[in-house]
There are 2 protein chains.
Amino acid sequence: MSPDTKTRIIEATVATIKSEGITGTSARAIARHGDFNQALIFYHFGSIEELLRATMEHTSSARIELYRSRLEGVETLADLAAVAGDLHKEDREQGNMTLLTQLMAGAANDEVRAAHLMTTFEPWIGFVRETLDRLIATTPFGGMFDMDDIAFSISALFVGVELMSDLDPERSRDTVYDTMQLLAGAFQAVIGEPGQDTASRERQEIPVE
Amino acid sequence: MSPDTKTRIIEATVATIKSEGITGTSARAIARHGDFNQALIFYHFGSIEELLRATMEHTSSARIELYRSRLEGVETLADLAAVAGDLHKEDREQGNMTLLTQLMAGAANDEVRAAHLMTTFEPWIGFVRETLDRLIATTPFGGMFDMDDIAFSISALFVGVELMSDLDPERSRDTVYDTMQLLAGAFQAVIGEPGQDTASRERQEIPVE
DNA sequence: GTCTATAGTCGGATAGAC
DNA sequence: GTCTATCCGACTATAGAC
């Protein structure tokens, strides 16, 4: 019945952060959520610190694969905005974004934790970058902007929207993604779709990496 | 020598959140930072909760006026990005953005605190909106997008960039704002500058509210 | 591997001297 | 208005029974 105990503890940790926030996440609170004894945490992880690190890795690696599989077929900026909006909505409903922002805030004044969290987040940014490369970098506009900065900014935008939405849950943020989709479509119209001629650019192959 | 005691306590609270994070902010830690007795907090504010609320208001109202005075002269999107980048850089260096994100994260699972923080943040979003109104809403593009959503997204972008920058302080984020400035300039070129004719829009008065 | 019990620290908050 | 002293609950972590 009980799967791996370490996994059970990590899942209880996730549930605790989602419902109590990082400031309310203690060994006792986690044990209450998972219905096991508090001392188990220290037997399996040694410290709360180590448990939080393990929790970061567990949740991050689980999500990145889903994102990758869903976004690899995307071919226009409007599609990107639409799929990203859908994924983000799922994550919101499951509390995954709250989990992330709470872990981030809790790591801000702790260098070791921050470095660890950034490492788990890096593939995410790199992956937004890859998607952008497919859609923009092959156009003449690709050379105009630093794609790393844009990928970083887009990732930050999602994080920021979530953090602020958590503060104001009554105002639905679905329209924000609709608006972003409109904007992306307008932008796409200006730069032209990949694989389709426009007045201002030459036809190019889209590199498959 | 000592100004208002309440102010001293609030300033010690700000210093504590900046250096210890929201999870490390306790009555005792605040008292250490401000070099006064812990009991003073409860005499003047009644509870930590109330002190945090007062701190939110204090810091928010102080900054919004500065932002307003600096941004009211802005007339193009590129200028907007430039001035916003400068202001944001100042805030970063003073730790004000860390303060904000930490307060946000700490308020996420506390409805009363969240509502309070959102209230102090609302003028900020409204004010980004006013700036956008001056720059975009008077063009034909104004009708295409929900300006509230865009103002919300821009505010969220800054918050998100900061939260992520806090995790990765070594990678300088100055280039992010340079890139945003470039993007804004390109966008401006497409929609045309306010007060200047373009092929696709009629001349309009910019309403002064 | 999981539990109870407990040590030791730190938290919010109050009473009361000055 | 500011301090000392203190209550009491919650915390991390460990020792040791089972």
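Looking at residues two or more places apart in sequence or on another chain, you find a side-chain contact (heavy atoms from CB on, under 4.5 Å) between A:Phe42 and A:Ala27, A:Gln38, A:Ile48.
Salt bridge status for A:Arg8 with A:Glu11: absent, with no side-chain N to carboxylate O gap under 4.0 Å. Salt bridge status for A:Arg70 with A:Glu90: present, with a side-chain N to carboxylate O gap under 4.0 Å.
Remark: the backbone N or O of A:Met56 is not paired with any side-chain donor or acceptor of A:Ser60 at under 3.5 angstrom.
Following rounding to the nearest Å, A:Leu52 (CG) and D:dC11 (C1') show an atom-to-atom distance of 14 Å. Regarding B:Leu40, its CG atom lies at a distance of 5 Å from the C1' atom of D:dT2, rounded to whole Å. Residue A:Phe45 contributes atom CZ, which lies 14 Å from atom P of D:dA13 at whole-angstrom precision. Atom CG in A:Asn37 sits roughly 16 Å away from atom P in D:dA15 (whole-Å rounding). If you take CD1 of A:Ile41 and P of C:dG1, they are 16 Å apart, rounded to a whole angstrom.
Residue B:Tyr43 places at least one side-chain N or O under 4.0 Å from the OP1 or OP2 atom of D:dG1.
Nearest approach of A:Ile9 to A:Leu40, heavy atoms of both residues: CD1-O, 4.1 Å.
Using a 30° and 60° split on the angle between ring planes, B:Phe158 and B:His88 fall in the perpendicular class, above 60°.
Of the listed nucleotides (D:dT2, C:dT2, D:dT4), D:dT2 has the atom at the smallest distance from the side chain of B:His44.
Results of the side-chain hydrogen bond (donor to acceptor under 3.5 Å, both in side chains) test with B:Gln94 over B:Thr98, B:Asn96, B:Asp91 single out B:Asn96 as the only residue that passes.
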Within the sub-3.5 Å range, which N or O atoms of nucleotides 10-12 of chain C have a protein N or O partner, and how far apart are they?
residue: C:dG11; atom: OP1; partner: B:Ser26; partner atom: OG; Å: 3.0
residue: C:dG11; atom: N7; partner: B:Arg28; partner atom: NH1; Å: 3.3
residue: C:dG12; atom: OP1; partner: B:Ala27; partner atom: N; Å: 3.1
residue: C:dG12; atom: OP2; partner: B:Ala27; partner atom: N; Å: 2.7
residue: C:dG12; atom: N7; partner: B:Arg28; partner atom: NH1; Å: 2.8
residue: C:dG12; atom: O6; partner: B:Arg28; partner atom: NH1; Å: 3.3
residue: C:dG12; atom: O6; partner: B:Arg28; partner atom: NH2; Å: 3.4

N/O-N/O pairs, protein side and nucleotides 15-18 of chain C side, under 3.5 Å:
none

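No side-chain heavy atom of B:Ile136 sits under 4.5 Å from any side-chain heavy atom of B:Phe145.
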